[in-house]
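One structure is given here, and the rest of the page talks about it.
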Amino acid sequence: MTAKQIPVTENLLRFCYHCEAAHECTTEEQCRACWEAAGIGKPLEEGAEEMQQLLQAYYA
């Protein structure tokens, strides 16, 4: 497995597991297009990064 495939595998587990259309994505490119259409992987909004750090500290 290459380093580029690792995030895809993690994202498959995180984002596709509960997706009702997951069976339609048969290639990595289709998965990436689906994530982009759903807004997954976009940069965080202003202030969201601080919230993410607080949540990670809380649940760590």
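Keep in mind the model is a prediction, meaning the values are calculated, not measured.
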Those residues at least two apart in sequence (or on a different chain) that pass side-chain contact (heavy atoms from CB on, under 4.5 Å) with C25 are Q30, C31, C34
By side-chain contact (heavy atoms from CB on, under 4.5 Å) - contacts of L55 (at least two apart):
M51, Y59
Evaluate salt bridge (charged side-chain N to carboxylate O under 4.0 Å, His left out) for R32 paired with E28, printing each intermediate quantity in order.
CA-CA 6 Å; R32 290 183 186 273; E28 182 177 321; 3.1 Å; yes
Got more than 12 heavy atoms from elsewhere within 6.0 Å of CD, E50?
no
